[in-house]
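What's counted below: heavy atoms across the whole structure, side chains too, no hydrogens, waters or symmetry copies. First listed ligand is number 1; within each ligand, the first listed atom is number 1.
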Amino acid sequence: MAVGRGTGAIASLIRNIGIMAHIDAGKTTTTERMLYYSGYTRALGDVDDGDTVTDFMAQERERGITIQSAAVTFDWKGYRINLIDTPGHVDFTVEVERSLRVLDGAVAVFDASAGVEAQTLTVWRQADKHHIPRICFLNKMDKNGASFTYAVDSIKEKLKTKPLLLQLPIGEAKTFKGLVDIVTKEQIIWNPASSLDDGKVFEQKPVTETDDPELLKDVRDARNALIEQVADLDDEFAELVLGNFSENFDFLPADKLQSAVRRVTLAQKAVPVFCGSALKNKGVQPLLDAVTMYLPAPNECSYDFLPWYKDDLCALAFKVLHDKQRGPLVFIRIYSGTMKPQSAVYNINKNCTERMSRLLLPFADQQIEIPSLMAGNIALTVGLKQSATGDTIVSSKASAVAAARRAGREVGRKPGCNSEVESLLLAGVEIPEPVFFCTIELSSVSKQPDLDNALNCLQREDPSLKVRIDPDTGQTILCGMGELHIEIIHDRIKREYGIETYLGPLQIAYRETILDSVQATDTLDRTIGDKRHLVTTQLGVRPWAGERSSVTPVIEYADNFMEPLQKDIQEAIENGINSSYLQGPLLGFPVQDIAVTVYSMTMHSETSLTMISACVSRCMQKALKKASKQLLEPLMNLEITVSEDLLSAVLGDLAQRRGSIQEIQSRQDNKVVVAAVPLAEMMGYSTVLRSLTSGSATFTLELASYQAMNIQEQNALLQKRSGLV
Ligand SMILES: Nc1nc2c(ncn2[C@@H]2O[C@H](COP(=O)(O)OP(=O)(O)OP(=O)(O)O)[C@@H](O)[C@H]2O)c(=O)[nH]1
């Protein structure tokens, strides 16, 4: 194998990239081809045969979709490429967010016959949020209906970005046979005569007047347009062009244009576009060249926190896998310093020191042992037992404290308080609230400890899975992002942990809110041992109409409230508030969009902080019960792609689901319906849509907001829940 066994690659030769796309655009196929051409696999994997390297989990093979982000390392022409395969299904956007956090650049893969599809838009926005430079790959150029121009226009319009056409296809759909590199004016034709049609052999030669005058004209026009476009975006390049080449762009050296394209790509002013057909083995090698040429190296990315660590270790755990023999395997991205096996590291989130036994380079489901690894690399560690997805890892607590000091934070104000060090955490992954939940039951109670262990492991791997115990029934509840998400968790419990479980019916995670302002007073008086805990508090709750809906309440204090307010008492009060809004008064769902004002608090000097929290929590519950209450239901953004002849059937069905149609767009021969529909109406929708359209339509579903239910629906739900109907 070509991977070095040293300390990993030096940062300028590393590319940490991800592939992002809509479901079925061809991420897995493209990844497989990359691994093949770089020499990592000897045979071409095929998603349709279920034998790809990156989709290594059994469920992924069966379902043909990518669920887990598997990190794969390979080398291409002297560069080390760490590739994180990001999932495309909307149930797994947390996986996408998590992998985007550790990427320096991304390749967006499109189906050239469909252009920009719903999920690409979502992931594109996430990549914008993380400021990740991108290049685009228009895949499936061989497919019926593939259109380079259509796909480029759709990138321009929908993604509101400036595509830089660095290639032109030669032929389209059935006639697609190669491409032209606009920068070098060379054509690349894959060898049809090769007996093994694996795309390894291709012919690369300049486009000439004699061979194909028409193509040469197209290439010249495209190159001139590209030069003008780049000159508009990059002053250094504009000066060069105007100074020496304004008469004739033909003489402008390719490397000058490449450097300028690189600068505008890294500055995210524009996005280079490439094309090909992964399935037909065309265009992937130039795409790999483009990854090394146009996407940034780790040392070209700036991170606010780097100066705090100087050369000390700073790393982020971005993925946990559980291995039966070796225990948890934690994927780490190293931002600064060096990592060595057989050493201790400090986890800031968990405030604990852990020992790492081995350090491995990830190659899908195989790993290669390495003696140390430098900044910029991605590695797999063995031995970390506490670390979970999203944790920040440094060399020692002392190093974290030193970094906190450099960051200008005041450390050690209060003994035992870790919060200043915690503020050094690399921004964690935002986990959206789960919209579905269901009970999970065992056939035999004796297996409960095994199930608890399995759920703990699964939660460390996947923070979007939440597990809680129903306080009334004692049942274990799984909360997840979608039907498929929960189904896959269920499947994994059986396959990976050998535990047979039954799921209760899938239910929707509603929210609650209040409609008026109310106040409540409560007193708690308890004597424990020889101490009397006596506390009285008065507080008010009111609806909060802030810009964004939020489950965490806004907390305010009345003027002159206990001045000066001691920090530990304030924490106790806020703990009390925060423990009470999660169980709303109507059906026990979290209460959102409320503001709490604490008016007064009197207490006996011996009252403990726990009793203060308990009193505040009870008082909050009392106030929430007194208020007029409202149930909120998840409203989903739905996007359906359907052929024109089946459109009316789909719309007719949507009308019965309380759906409001926002837009119907045309996408080549298809219609795209954009609608908002309550989640309650979408249970089992994939089966319904499949039968309505004989499986030809596709849809994506994403949480938009929580909306108030009307009074009839609210009453019907309350009655159903209380067993009256
Ligand atoms: N015609 C054509 N089909 C392709 C091409 N690339 C991939 N496909 C097919 O498209 C389907 C989806 O390909 P995948 O590589 O699994 O796509 P993916 O984006 O990884 O899919 P998810 O993991 O489900 O998100 C498969 O049937 C592939 O054979 C291509 O270049 N041309």
Side-chain angles (χ1 to χ4, degrees), residues 17-37 41 44-70 72 83-96 99 106-124 136-148 151 167 169 171-179 190 197-199 274-287 364 482 484-485 488 641 668 686 695-696 698-700:
I17 60 156
I19 297 194
M20 51 194 231
H22 190 81
I23 318 155
D24 276 0
K27 284 190 309 289
T28 309
T29 311
T30 308
T31 308
E32 285 302 316
R33 295 322 184 246
M34 289 178 166
L35 292 176
Y36 180 71
Y37 298 130
T41 41
L44 284 174
D46 188 335
V47 277
D48 302 316
D49 297 340
D51 62 356
T52 61
V53 173
T54 44
D55 284 357
F56 60 85
M57 289 174 64
Q59 294 97 319
E60 294 186 36
R61 286 201 172 135
E62 280 171 19
R63 290 165 203 266
I65 56 165
T66 313
I67 300 161
Q68 298 271 354
S69 306
V72 186
L83 194 150
I84 319 275
D85 185 26
T86 54
H89 196 281
V90 78
D91 277 4
F92 307 108
T93 41
V94 176
E95 289 274 344
V96 182
S99 38
V107 179
V109 174
F110 301 84
D111 175 337
S113 71
V116 176
E117 296 173 89
Q119 184 63 9
T120 325
L121 202 63
T122 314
V123 187
W124 193 270
C136 295
F137 181 58
L138 306 182
N139 188 32
K140 304 201 183 183
M141 281 304 302
D142 64 297
K143 198 176 148 184
N144 251 344
S147 163
F148 185 76
Q167 291 177 344
E172 246 170 20
K174 279 206 178 86
T175 61
F176 178 66
K177 57 177 182 163
L179 41 91
W190 272 265
D197 195 11
D198 64 355
F274 304 88
C275 63
S277 161
L279 187 70
K280 296 285 157 66
N281 309 321
K282 294 181 177 72
V284 176
Q285 299 96 326
L287 180 66
L484 183 58
H485 185 205
I488 283 167
T641 308
Q668 296 210 314
S686 49
S696 66
T698 56
F699 77 101
T700 59

Whether Ala21 lies under 4.0 Å from ligand 1, heavy atom: no

If we number the atoms of ligand 1 from 1 as shown, the ones under 4.0 Å from a heavy atom of Lys27 are 15 (O), 17 (O), 18 (P), 19 (O), 20 (O), 25 (O)

Hits for side chain to side chain donor-acceptor pair (under 3.5 Å) against Thr30, two or more places apart or cross-chain, chain-then-number order -> none

Exercise. Asn139 side chain to Phe110 main-chain N or O, any donor-acceptor pair under 3.5 Å?
Worked result: no

(message) I'd like to check whether Lys143 has a polar contact with ligand 1, where a contact means an N/O of the residue lying under 3.5 Å from an N/O of the ligand.
(response) no

Quick note on ligand 1: atoms under 4.0 Å from a heavy atom of Ser277 include exactly 30 (C), 31 (O), 32 (N)

* Any N or O on Met141 sitting closer than 3.5 Å to an N or O of ligand 1? -> no

The answer for which part of Asp142 has a heavy atom under 4.0 Å from ligand 1 is side chain

request  = Mark yes or no for whether Gln285, through its side chain, and Gly199, through its backbone, hold a donor-acceptor pair below 3.5 Å.
outcome  = yes

Would Lys280 count as being in polar contact with ligand 1, using the rule that some N or O on each side must be under 3.5 angstrom apart? no

- Is the backbone of Ser147 close enough, under 3.5 Å, to the side chain of Glu172 for a donor and an acceptor to pair up by distance? no

Problem - Gly276-ligand 1 polar pair, N/O distance under 3.5 Å - result: no

Sequence neighbours excluded, the answer for salt bridge (charged side-chain N to carboxylate O under 4.0 Å, His left out) partners of Asp142 is Lys280

